[in-house]
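Each remark here refers to the structure printed beneath this line.
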Amino acid sequence: MEELKGFIRNIPDFPKKGIQFKDVTTLFQDRYGFQMCLDAFESILRYMPIDKVAGIESRGFVLGAALADRLKCGMVLVRKKGKLPGETIRQSYELEYGTDELEVHLGAVKPGERVLLVDDLLATGGTLEAAAKLIEKLGGKVESMACIIELTGLNGRKKLGKTPFISLISYDED
Ligand code: AMP
């Protein structure tokens, strides 16, 4: 999967000094790169029992919706606070650069449904951990989590407990 790195752009000092921002928009906008990424996830996830994909705003929406189509699943939107129009539940979390809150619609996942949680990148793990709490509060089971990129130097996996986590490529810088 190392070829995928060729489609990802590194932007130093964004959104603040010292952060090496991994920009996946250059992967999404390339038909070969995006298909390669989806094919890789599909081959890993094809036989996993999943009812719904939950994507985290905003790059997780792009990947999540494409995977929901490949896996023939429903798609749930996990959004930053104040964006969802219906009644929501909320979970706060810490980012690599600041704090924020995530929300999901009440009833978006039904009790017992098996969910694949998707985002573009795992850094400290706080975002996926918060999203998993939201799914669990709704009664869903987080079957697996998946990101294109893992920043191994930040050890985000340890926040994810025993839930299986899939990443396609990793960088050991932090
Ligand atoms: P974390 O909660 O620390 O695992 O951060 C993951 C979330 O923050 C994901 O939604 C990423 O899109 C974003 N993020 C954190 N660090 C980076 C980075 N170095 N490059 C791109 N996105 C990042």
Side-chain angles (χ1 to χ4, degrees), residues 1-30 33-34 36-38 40-41 52-68 75-84 88-105 108-109 115-137 142-174:
M1 275 293 97
E2 287 300 292
E3 312 114 274
L4 275 186
K5 288 188 177 175
F7 296 98
I8 292 163
R9 178 165 60 165
N10 187 73
I11 304 190
D13 300 324
F14 182 88
K16 68 175 198 189
K17 203 163 171 46
I19 302 287
Q20 299 292 327
F21 193 88
K22 304 295 177 210
D23 179 19
V24 293
T25 64
T26 43
L27 169 69
F28 291 156
Q29 74 200 19
D30 187 286
F34 196 25
M36 195 190 295
C37 166
L38 295 174
F41 276 124
K52 279 179 176 154
V53 176
I56 301 172
E57 185 170 5
S58 62
R59 294 172 294 275
F61 292 169
V62 177
L63 179 61
L67 282 179
M75 174 72 199
V76 172
L77 275 63
V78 179
R79 298 207 68 177
K80 307 278 168 61
K81 71 164 181 253
K83 302 281 183 75
L84 288 168
T88 62
I89 54 168
R90 190 177 282 190
Q91 179 71 45
S92 65
Y93 66 107
E94 280 181 23
L95 274 175
E96 189 185 356
Y97 37 83
T99 64
D100 217 334
E101 283 179 296
L102 289 177
E103 287 185 339
V104 69
H105 271 144
V109 172
V115 175
L116 169 70
L117 252 183
V118 173
D119 202 358
D120 63 330
L121 179 145
L122 176 76
T124 66
T127 308
L128 275 179
E129 183 190 31
K133 281 186 186 155
L134 288 174
I135 302 302
E136 282 157 10
K137 278 184 195 165
V142 180
E143 197 67 32
S144 184
M145 303 183 187
C147 288
I148 301 167
I149 303 167
E150 177 176 1
L151 301 184
T152 47
L154 293 170
N155 231 336
R157 272 186 194 241
K158 73 172 187 299
K159 280 222 176 84
L160 309 182
K162 292 206 170 80
T163 310
F165 173 77
I166 299 157
S167 63
L168 300 181
I169 51 176
S170 61
Y171 297 88
D172 60 14
E173 65 205 59
D174 55 19

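Each ligand, and each atom within it, is numbered from 1 in the order the structure gives.
For Thr88 (side chain) and Val104 (main-chain N/O), no donor-acceptor pair under 3.5 Å exists by modelled atom type.
Assignment of Ile56 to the shell around ligand 1 is not supported, since no heavy atom sits closer than 4.0 Å. In this structure, Gly156 does not count as a contact residue of ligand 1, since none of its heavy atoms falls inside 4.0 Å of the ligand. Using a 4.0 Å heavy-atom cutoff, Leu151 is listed among the residues neighbouring ligand 1.
Here Glu103 does not pair with Arg79 in a salt bridge; the nearest charged N to carboxylate O distance is not below 4.0 Å.
Distances between N or O atoms of Lys22 and those of ligand 1 include at least one value under 3.5 Å. Residue-to-ligand polar distances place Thr127 within reach of ligand 1: an N/O pair is separated by less than 3.5 Å. Checking only distances, Leu121 never comes within under 3.5 Å of ligand 1, N or O to N or O.
Of all the heavy atoms of Asp120, the ones lying under 4.0 Å from any atom of ligand 1 belong exclusively to the side chain. Contacts of Thr124 with ligand 1, taken as heavy-atom pairs under 4.0 Å, involve both backbone and side chain.
Taken from CG in Asp23 to CZ in Phe14, the straight-line distance is 8.5 Å, to the nearest 0.5 Å. Taken from CZ in Phe28 to CD1 in Ile8, the straight-line distance is 9.0 Å, to the nearest 0.5 Å.
Contacts classified as salt bridge (Lys or Arg N to Asp or Glu O under 4.0 Å) and involving residues 146-167 (residues at least two apart or in different chains) are given here: Glu150-Arg157.
Which parts of ligand 1 touch Gln20 is read off a 4.0 Å heavy-atom cut-off, strictly below it: atoms 18 (C), 19 (N), 20 (N). Remark: ligand 1 atoms within the under-4.0 Å shell around heavy atoms of Ala123 are 1 (P), 3 (O), 4 (O), 5 (O), 15 (C), 16 (N).
A 4.5 Å side-chain heavy-atom check between Arg9 and Thr25 finds at least one atom pair inside the cut-off. Counting heavy atoms from C-beta outward, Leu77 and Glu57 have side chains that stay 4.5 Å or more apart.
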